[in-house]
Structures are given as structure tokens and as C-alpha cells.
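I have placed the structure first, in the form of C-alpha cells, so that the comments after it can refer back to it.
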Amino acid sequence: KRKASDIAGNPNQDLCDFLMELANYERNVSKNIYKYNAYRKAAGTLGNLSERVKSGAEAKKLPGIGEKIAKKIDEFLSTGKLQKLEDINKDESNIVIKLLTRVSGIGPAKAKELVDAGIKTLDDLRKHQNKLNHHQKIGLKYFEDFEKRISRAEIEQLEKMMKEAVAELSNEYILTICGSYRRGKEESGDIDVLLTHPTYTSKEKESKKKNFGLKNVVNHLEKKKIIVDTISLGPTKFMGVCQVPGEPKKPFRRLDIRFTPCDQFYCAVLYFTGNDLFNKNMRAHALEKNYTLNEYTLRRLTPEGTPGEAEKITCEEDIFRILKLPYKEPKDRNL
Ligand code: DCP
Ligand code: MG
Ligand code: MN
């Protein structure tokens with residue numbers, strides 16, 4: 001069942017927005033990832049409510065909302081704005097950093113470097129592309145399209161086309177779209193594809209998987225005009241650009257593909273489904289139970305703290321069961 005807020009809109013959208021703006025400021029300007037995550041967690045909590053929050057005190061009872069954020073909620077509810085954000089947005093270099101970090105591939109450090117070099121607008125950036133690496137150039141080239149949200153309908157369309165395309169290479173590929181799409185979101189920021197093939201295991205040598213490797217898949221998707229640009233391509237990871245082929249032209253979309261050994265598929269599905277805060281929590285839970293969990297494996301820790309053999313995992317439920325955690329559907333993994 002989808003939450004009411006996903007259909008009828010979020011009754012706390014304005015509060016979520018200012019918390020996310022504070023989060024992004026902490027990440028992009030202060031470089032304080034701890035505060036970045038704290039604001040995001042609070043925004044996530046409010047975003048999951050089906051009722052409008054009435055006061056800071058009420059919000060404080062919820063997970064991830066403490067004294068300081070409660071005060072900000074009260075200020076916002078009574079004045080309709082936040083003085084801290086007003087001040088932040090008065091500073092011109094903050095405004096430029098905010099703009100530049102919207103370009104895919106430009107992080108806080110690069111944005112600051114560009115500001116120091118006198119860059120103020122995307123047009124400045126277009127004139128100084130020599131300052132950008134390949135990823136950042138692609139981010140700039142597709143800036144407008146990459147900001148557009150992707151509907152489930154369009155992702156479903158691409159999913160079907162990609163599944164048909166890889167099946168032409170081998171009918172044994174398994175292709176799963178993860179990320180926010182798998183968590184049931186109505187719209188996504190990009191498309192996260194997980195791919196595996198039975199000939200590719202963590203023990204198999206490179207040579208054996210060659211015929212069914214990621215490079216062949218990417219080549220084939222290029223031939224089908226589904227993949228239209230590449231940011232980077234390695235043996236297990238593709239980052240690039242895709243589009244629904246044909247007319248009418250749809251926007252260009254960011255596409256990530258991970259090619260995973262089949263014995264590690266479900267740890268990868270769990271990781272790639274996220275969200276990232278859920279993953280952080282799940283890993284912390286694992287450690288409390290003397291396990292170490294990552295995108296590849298779940299392993300028990302010895303008393304000395306070294307990881308043992310990988311547990312045999314045949315579905316996501318296995319991971320929850322071994323960690324003695326109640327199973328959570330992907331749609332309930334929005335922390
Ligand atoms: N991920 C993570 N930690 C990170 C980045 C990503 O655990 N630092 C995992 C969880 C994410 C998944 O990878 O859900 C996909 O990453 P995205 O950045 O594509 O995020 P989403 O798909 O969740 O959201 P969006 O709709 O913005 O793409
Ligand atoms: Mg995504
Ligand atoms: Mn992604």
C-alpha cells in the first residue's frame with residue numbers, strides 16, 4: 001500500500017523543503033555531513049507523515065527531530081520563513097555554490113574552486129569547460145534534463161526495453177531496477193539498474209564472464225539507442241545517459257548500471273534499493289549483532305572482529321532473517 005502523502009502530496013512539503021535546503025547547505029558549503037544527514041533524517045520523518053505538523057513540540061516526539069530542529073519548525077510555522085536560510089541566501093558565493101553543485105559531477109570542493117576562479121553562472125561554466133572533467137561536462141550538457149523527475153511510467157518503459165535488449169544477448173540475465181523506483185516512489189531522480197548473469201560469480205575468473213560482461217551489454221544498449229552517452233564504464237559499473245528511443249523525444253536521463261556476481265545479487269539489491277540512510281541504519285544494526293554487511297556480502301564477525309565466510313543469501317528476506325530484523329518492504333525503507 002502506498003502512503004497517502006505519495007498520492008495526495010505531502011502535507012509537510014514546505015517544512016521538508018526548508019530542512020532539505022539546510023541539509024544541502026551543510027553538505028555543499030559547511031561540508032558537515034553529520035548535520036547534512038541529521039536534517040535529511042528529519043525531512044524524511046516529516047515526509048512520511050500523513051498529517052500536517054502543528055508545532056515544534058509535536059514534531060519533537062518523532063524520530064530524528066530534536067530541540068534545535070523543533071525550534072526551526074516553530075519559527076517557520078509562525079513566520080513562514082527561516083532567518084538562517086534568509087542569511088545564507090544573501091551570500092552570493094553560497095548562491096553560486098548551490099547552483100554549481102546541481103551539475104552532476106560537481107561536488108562542494110569543485111564548486112568552491114570554480115567560485116574562487118570567478119565562475120558565477122552556467123554560461124561562465126560553458127565558456128570554461130577546460131576546468132571540467134568528463135563527468136562534469138556531461139552534467140553541464142544535460143543540466144536541464146537531469147533536473148527533471150522521471151515518472152514510474154517512463155522507467156517501466158525503459159525497464160521493458162532494457163530487459164528485451166539484454167535477453168537478445170542471453171536469456172539468463174536478471175535485470176532489476178532498484179533505487180527510489182523500487183521503493184515505490186512516484187518519481188525518481190535517476191535510474192539504478194542492477195544486472196547479473198549465472199556465469200558471473202564472485203569466484204569466477206574474469207575470462208569466464210567475458211562473453212556476458214557489462215561492456216557487451218552497454219554496447220548493445222547503445223546500438224538500441226537506449227544508452228546515448230557514457231560518463232564512465234568499468235567491468236562492474238556503468239554511469240551514463242539513457243533515453244527512451246524514438247519519437248516523440250523524451251528527456252535524457254541519468255542511468256547507473258551495476259553488474260554484480262550472482263551469489264552477491266541480493267546484498268547488492270538491498271544496498272542499491274536504499275535509501276542511503278536506511279542502509280546506514282541496517283549496517284549499524286548488523287554490527288550490533290556481530291555481522292558486517294555491505295553491498296557484496298553479509299559476514300559474521302569473529303570475537304577478534306574479523307569477517308568470516310559470506311553467508312549464503314538467496315533473497316533479501318535472508319538478510320533480515322539472519323540479522324533477526326523484521327522484514328521491511330522496499331516502500332518502507334525511506335528513512
Ligand atoms: N546509496 C547509498 N549510499 C550512497 C549513495 C547511494 O547507500 N552514498 C544507495 C542507496 C540509494 C541507491 O544507492 O537508494 C541509489 O542511489 P541514488 O543516488 O540513485 O538514490 P535514490 O535512487 O534512492 O533516489 P533518486 O530518486 O534521487 O535517484
Ligand atoms: Mg536513483
Ligand atoms: Mn543512482
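Side-chain atoms are counted along with the backbone in the values below, which use heavy atoms only and exclude waters and symmetry mates. Atoms within each ligand, like the ligands themselves, are counted from 1 in listed order.
Aromatic ring centroids of F259 and Y200 lie under 6.0 Å apart.
Protein N/O/S atoms found under 2.8 Å from the Mn ion (ligand 3), listed by chain and residue number: D190 OD2, D192 OD1, D256 OD2. Near the Mg ion (ligand 2), less than 2.8 Å away, sit the protein N, O or S atoms D190 OD1, D192 OD2.
With rounding to the nearest 0.5 Å, the separation of CD1 in I73 from OG in S78 is 12.0 Å.
Counting only distance, with no hydrogens or angles, the side chain of H128 and the backbone of D124 share a donor-acceptor pair below 3.5 Å. Remark: side-chain polar atoms of R27 are not paired, donor with acceptor, to backbone N or O of N32 under 3.5 angstrom. Remark: the backbone N or O of R183 is not paired with any side-chain donor or acceptor of R333 at under 3.5 angstrom. A donor-acceptor pair under 3.5 Å is formed between the side chain of Q243 and the backbone N or O of K250. A donor-acceptor pair under 3.5 Å is formed between the side chain of T79 and the backbone N or O of K81.
In summary, the side chains of H135 and S232 do not present any donor paired with an acceptor at a separation below 3.5 Å, with no hydrogens or angles considered.
Between K54 and L77, the closest side-chain pair of non-hydrogen atoms is not below 4.5 Å.
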Start with the C-alpha gap between E186 and R152, add the side-chain angles, then the distance that decides, and say whether salt bridge (Lys or Arg N to Asp or Glu O under 4.0 Å) holds. CA-CA 6 Å; E186 284 305 319; R152 292 191 73 77; 5.2 Å; no
Worked verdict on E21 versus N89 for side chain to side chain donor-acceptor pair (under 3.5 Å): CA-CA 10 Å; E21 213 181 323; N89 290 329; 3.0 Å; yes
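Taking a heavy-atom cut-off of under 4.0 Å, ligand 1 is surrounded by G179, S180, R183, S188, G189, D190, D192, Y271, F272, T273, G274, N275, D276, N279.
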Show every donor-acceptor pair shorter than 3.5 Å between a side-chain atom in residues 303-315 and any protein atom, with sequence neighbours excluded, or say none if there are none.
residue, atom, partner, partner atom, Å
E304, OE1, T302, OG1, 3.4
T306, OG1, T302, OG1, 2.8
T314, OG1, D318, OD2, 2.9

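A salt bridge does not link K72 to E75: none of the charged nitrogens lies less than 4.0 Å from a carboxylate oxygen.
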